[in-house]
Peer 1: 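Sharing a structure, written as structure tokens. Questions coming.
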Number of protein chains: 2
Amino acid sequence: MLSERQMMILRAVVRDFTNTGVPVGSKALAKQLPIHVSSATIRNEMAALEEQGLIKKTHSSSGRIPSVEGYRYYVDHLVKPDPLQPNDIDVIQTSLGGDFHKIDEIISQSATILSNLTSYTAFTLKPELKDSRLSGFRLVPLGKRQVMAILVTDSGDVENQTFDVSEAVSGDQLEAVVRLINDQLVGLTLPDVLQKLQTDIPLKIANYLQSPTGFLDIFGDVLTRAAQERFYVGGRLNLLNFSQDSDVDSLKSLYSLIDKTDDIANVLGPPSDNISVQIGNEMTNDALQNFSLITATYDVNQHGRGMIAILGPTRMPYSRMLGIVGAFREELAKKLLDYYRNYDE
Amino acid sequence: MLSERQMMILRAVVRDFTNTGVPVGSKALAKQLPIHVSSATIRNEMAALEEQGLIKKTHSSSGRIPSVEGYRYYVDHLVKPDPLQPNDIDVIQTSLGGDFHKIDEIISQSATILSNLTSYTAFTLKPELKDSRLSGFRLVPLGKRQVMAILVTDSGDVENQTFDVSEAVSGDQLEAVVRLINDQLVGLTLPDVLQKLQTDIPLKIANYLQSPTGFLDIFGDVLTRAAQERFYVGGRLNLLNFSQDSDVDSLKSLYSLIDKTDDIANVLGPPSDNISVQIGNEMTNDALQNFSLITATYDVNQHGRGMIAILGPTRMPYSRMLGIVGAFREELAKKLLDYYRNYDE
DNA sequence: TCTTAGCACTTGGTTTGTTTGAGTGCTAAA
DNA sequence: TTTAGCACTCAAACAAACCAAGTGCTAAGA
């Protein structure tokens, strides 16, 4: 249990350290705090805070820096998100104000905006497609042997892929396949489609084609790509600013971590309604020991829920960051609702 | 004019320094060289080489390192490309051996292979499309207001883009546009198409649509994207290994340089039949002062010519790198010919 | 004339020691 | 409970000393 004064001191330590990066000592605190006590008193309180594992020293006679637990306490109990700077609001609204023709453009643009605002690295995941349904499938013959497969979902997502057909296939046959898929699968959720694709469909398609597997593979490919959570990264290079003593190896593993599509869900953690903060070793991943991750979901009504996140050094100014993330999730949700409304009507 | 012995010494200095990264002294050279002379003699010769600006000292009593001019002389007169390691041949052939369905896959895969072989950063440009011709154009209605535009060239390239149509457009109208474009533009080279698009076409299309500009913009978009040289980068992270003293700023400018599509042609320089080497400040770009760039073209007969390149530290083992680039350009050309042959027949 | 042994000299890097300043814990008095 | 005072610690900055590698030059030898 912390006294009021201890909280005040802890808050000041975190604030000061996140701002300056220098361990903060009793004297500086005494001068800075609103209450009027001597540095010796501060020292006593700091000893108590250290006792509880909330702050620590970098060496035996140094000032204090927050421990991970200290940051945690600060984030959970002491911080208040800063309201956005007018300037920041401007940036968001102009960057997001344009006319977009694809959801992906909005989401990827968002990653850039977020990284600019924070000067950290930002992630954006588009709303999950798990619940969206197949609304159309096309096969468009392009040349002698090339065909493009196009898949459309009811939420306006389009996924396509070109492939070669190994044998000569007639337009009629293609048509038949398309008709079959559209008859049987349209309206189902993507996971359901994927499942049927492995059971019912191969039998039926065999009527039209001798070796149907090729087609189904392609269709499956396009499908899984569409169903996969697609994520975007902004401000990759900002990570360079925080890799202390330029440890190339850890930088590399960091970069390969954030570029691997499959891992990202693991890294970000499960979605939650609140804005969530993960600090340093609270994340299991070794490469992230000196980083903090702020994640937040955004809801687009029946169109599902997506996620945004920023990754920065453990000593980030949390109040400002929480403010930005909180505001941005709202703006993004609004923008997407707008987009869908336009698209639906 | 260099004597035989001076050449031998220069070659040895470059070899040694590129291998070890340590300035090389007279004693080490005396031991290493095939001829039997004392270190004092070597010192005299080195003084002569320094006189000519081919090698230099890092400080008044240090060993010598090659100057840019020294590297240049070495590359122009002394180096012999190493033959490929059996292991490397293996890597190339298995990585390139698979079944590809798109040229872009081959080219992008090539960047990865090259970067793996060299442990530097690799670039690959696909064969220019300037000379290839439009072979087909499609507009595929996807939903109420979404349409996909697809463009195919005679070299098998496919480019597509989804867009919203602001007004309700009937299928008939779309068909008419498609027919018009196919009638008027198929068979022309892409630059010609682009040109006609600004002159003849708008007039004709006005018969079918009230506000044709939207469509033409889209078509133009897709077209320019297809005509643009597309390039791929492999081994981005390898740059981290060579950024001495972790100068974050120069790293950043380096990365933004290689990620900007429009600049890449400038950076790589004009294509030439030979393998070309650019060393340090021979490149005007500030960010590249400590790097060397090896570029080479590859020819795919009538399908045009592309480019590959590797970017590494000035002190790279040139003989090995020249060997790799030389061999790889051939393999890639072969593979692409194969691909086109399959595609054409 | 070319080569080489020998030597004085230069320099960066490493080690070792010193100083300084910010900060701490503890004690004893207010 | 607070605070002034004091002894103590440690990183960082600076300086001195030393070492190893290498150089240029000179003078003798082939």
Side-chain angles (χ1 to χ4, degrees), chain A residues 1-10 12-17 19-67 70 244-245 315, chain B residues 1-10 12-67 70 244-246 315:
Chain A
M1 217 44 297
L2 298 190
S3 71
E4 275 302 319
R5 195 165 65 184
Q6 288 173 335
M7 288 188 196
M8 180 184 291
I9 291 177
L10 176 57
V13 169
V14 174
R15 286 256 185 83
D16 226 55
F17 182 67
N19 283 333
T20 67
V22 179
V24 358
S26 54
K27 213 156 150 193
L29 274 187
K31 219 174 289 175
Q32 186 186 116
L33 284 182
I35 58 175
H36 202 71
V37 288
S38 78
S39 64
T41 308
I42 307 275
R43 278 204 287 286
N44 290 332
E45 296 286 37
M46 299 221 300
L49 286 171
E50 183 163 15
E51 186 82 10
Q52 305 192 44
L54 298 174
I55 58 180
K56 62 187 179 186
K57 295 185 266 192
T58 61
H59 61 88
S60 81
S61 71
S62 78
R64 306 303 212 293
I65 66 175
S67 67
Q244 66 277 18
D245 66 66
R315 49 158 286 231
Chain B
M1 214 49 295
L2 297 191
S3 69
E4 276 302 319
R5 195 165 67 184
Q6 288 171 336
M7 290 188 192
M8 181 186 289
I9 291 176
L10 177 56
V13 169
V14 174
R15 286 254 186 85
D16 226 55
F17 181 66
T18 52
N19 284 333
T20 67
V22 179
V24 357
S26 54
K27 214 156 149 195
L29 274 187
K31 218 174 288 174
Q32 190 186 115
L33 285 182
I35 57 174
H36 202 71
V37 289
S38 78
S39 65
T41 307
I42 306 275
R43 276 204 289 286
N44 289 334
E45 295 286 36
M46 299 218 306
L49 286 172
E50 183 163 13
E51 186 82 8
Q52 306 194 42
L54 298 174
I55 58 180
K56 61 186 178 186
K57 297 186 265 193
T58 61
H59 61 87
S60 81
S61 74
S62 78
R64 304 304 210 295
I65 65 174
S67 68
Q244 66 277 18
D245 67 66
S246 79
R315 50 158 287 231

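The chains referred to below are lettered A, B, ... by the order of the sequence lines, with proteins before strands, and numbering in each begins at 1.
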Peer 1: Nearest of dT4(C), dG25(C), dA11(D) to any side-chain atom of His59(A)?
Peer 2: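 When the side chain of His59(A) is considered, dA11(D) is the closest of dT4(C), dG25(C), dA11(D).
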
Peer 1: Just wondering, do Met46(A) and Leu29(A) contact through their side chains at under 4.5 Å, heavy atoms?
Peer 2: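 A side-chain contact under 4.5 Å exists here.
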
Peer 1: Given atom CD1 of Ile42(A) and atom P of dC26(C), what is their separation to the nearest angstrom?
Peer 2: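 Atom CD1 in Ile42(A) sits about 18 Å away from atom P in dC26(C).
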
Peer 1: Please determine, for the side chain of Ser38(B), which listed nucleotide (dT11(C), dA5(C), dT23(D)) has the closest atom?
Peer 2: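 Per side-chain heavy atoms of Ser38(B), the pick is dA5(C).
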
Peer 1: Above 12 or not: heavy atoms from other molecules or residues under 6.0 Å from NZ of Lys27(A)?
Peer 2: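 Counting neighbours around NZ of Lys27(A), 12 or fewer heavy atoms of other residues, nucleotides or ligands fall under 6.0 Å, so no.
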
Peer 1: Below 4.5 Å, heavy atoms only, C-beta onward: do Leu54(A) and Leu2(A) meet side chain to side chain?
Peer 2: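 Yes - at least one pair of side-chain heavy atoms lies under 4.5 Å apart.
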
Peer 1: Without decimals, in angstroms, what is the distance between Met46(A) CE and dC26(C) P?
Peer 2: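 Rounded to whole Å, this separation is 14 Å.
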
Peer 1: Under 4.0 Å between a side-chain N or O of Arg64(B) and OP1 or OP2 of dG22(D)?
Peer 2: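 It does not, given that no N or O in the side chain of Arg64(B) lies less than 4.0 Å from OP1 or OP2 of dG22(D).
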
Peer 1: For the pair made of CD1 in Ile9(B) and P in dT23(D), what is the distance, rounded to whole Å?
Peer 2: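 In whole Å, dT23(D) P lies 11 Å from Ile9(B) CD1.
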
Peer 1: Send over the distance from His36(B) NE2 to dA5(C) C1', rounded to a whole Å.
Peer 2: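 After rounding, the reported distance stands at 14 Å.
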
Peer 1: For Thr41(A) and dT3(D), is the shortest distance between a side-chain N/O and OP1 or OP2 below 4.0 Å?
Peer 2: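 The answer is yes; a side-chain N or O of Thr41(A) sits under 4.0 Å from OP1 or OP2.
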
Peer 1: Which whole-number value in Å describes the distance from Ile65(B) CD1 to dG22(D) C1'?
Peer 2: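 These atoms are roughly 14 Å apart.
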
Peer 1: Quick one: Lys56(B) NZ to dT23(D) C1', roughly how many Å, whole number?
Peer 2: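 Rounded to whole Å, this separation is 18 Å.
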
Peer 1: If you go through the side-chain atoms of Ser61(A), does one of them form a donor-acceptor pair with the base of dT9(D) closer than 3.5 Å?
Peer 2: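 Check passes, donor-acceptor contact within cut-off.
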
Peer 1: Kindly say whether Ile42(A) contributes a backbone atom to a donor-acceptor pair with the side chain of Ser26(A) at under 3.5 angstrom?
Peer 2: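 Absent.
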
Peer 1: At 4.0 Å (heavy atoms only), tell me whether Thr58(A) reaches a base, stays on the sugar-phosphate, or touches nothing.
Peer 2: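 Here Thr58(A) touches no strand at all.
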
Peer 1: Which part of the nucleic acid, if any, lies within reach of Lys57(A) when heavy atoms closer than 4.0 Å are counted: base, sugar-phosphate only, or nothing?
Peer 2: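 Sugar-phosphate: the residue Lys57(A), judged by heavy atoms under 4.0 Å, touches backbone atoms but no base.
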
Peer 1: With respect to the side chain of Ala40(A), which nucleotide from dG25(C), dA4(D), dA22(C) is positioned closest?
Peer 2: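 Ranking dG25(C), dA4(D), dA22(C) by closest atom to the Ala40(A) side chain puts dA4(D) first.
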
Peer 1: Test for a donor-acceptor pair under 3.5 Å between the base of dT9(D) and the side chain of Ser60(A), counting only N and O atoms.
Peer 2: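 Side chain to base: no pair below 3.5 Å.
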
Peer 1: If I take atom CG in residue Asn44(B) and atom P in nucleotide dT26(D), what distance separates them, rounded to the nearest angstrom?
Peer 2: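 After rounding, the gap between these two atoms is 12 Å.
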
Peer 1: Is Thr41(B) close to Arg5(B) at the side-chain level, that is, under 4.5 Å between some pair of heavy atoms?
Peer 2: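 Yes, at least one pair of side-chain atoms sits under 4.5 Å.
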
Peer 1: Side-chain N or O of Ser26(A) versus OP1/OP2 of dT24(C): is the shortest distance under 4.0 Å?
Peer 2: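 Checking dT24(C) against Ser26(A), a side-chain N or O does come within under 4.0 Å of OP1 or OP2.
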
Peer 1: How many whole angstroms separate atom CD of Gln6(A) from atom C1' of dT1(D)?
Peer 2: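 Roughly 14 Å, once rounded to whole Å.
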
Peer 1: For Glu45(B) and Gly63(A), find the nucleotide of DNA chain C closest to each by heavy atoms; which residue's nucleotide sits nearer the 5' end?
Peer 2: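 Result: Glu45(B).
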
Peer 1: Taking only side-chain N and O atoms of Ser62(B), does any of them lie within less than 4.0 angstrom of OP1 or OP2 on dT11(C)?
Peer 2: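 Negative; the distance criterion is not met.
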
Peer 1: So, is Arg43(A) near the phosphate of dT27(C), with a side-chain N or O under 4.0 Å from OP1 or OP2?
Peer 2: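 It does not, given that no N or O in the side chain of Arg43(A) lies less than 4.0 Å from OP1 or OP2 of dT27(C).
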
Peer 1: Identify the two heavy atoms, one from Val24(A) and one from Val13(A), that lie closest to each other, and give their separation to 0.1 Å.
Peer 2: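 Here Val24(A) and Val13(A) meet closest at CG1-O, 3.9 Å.
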
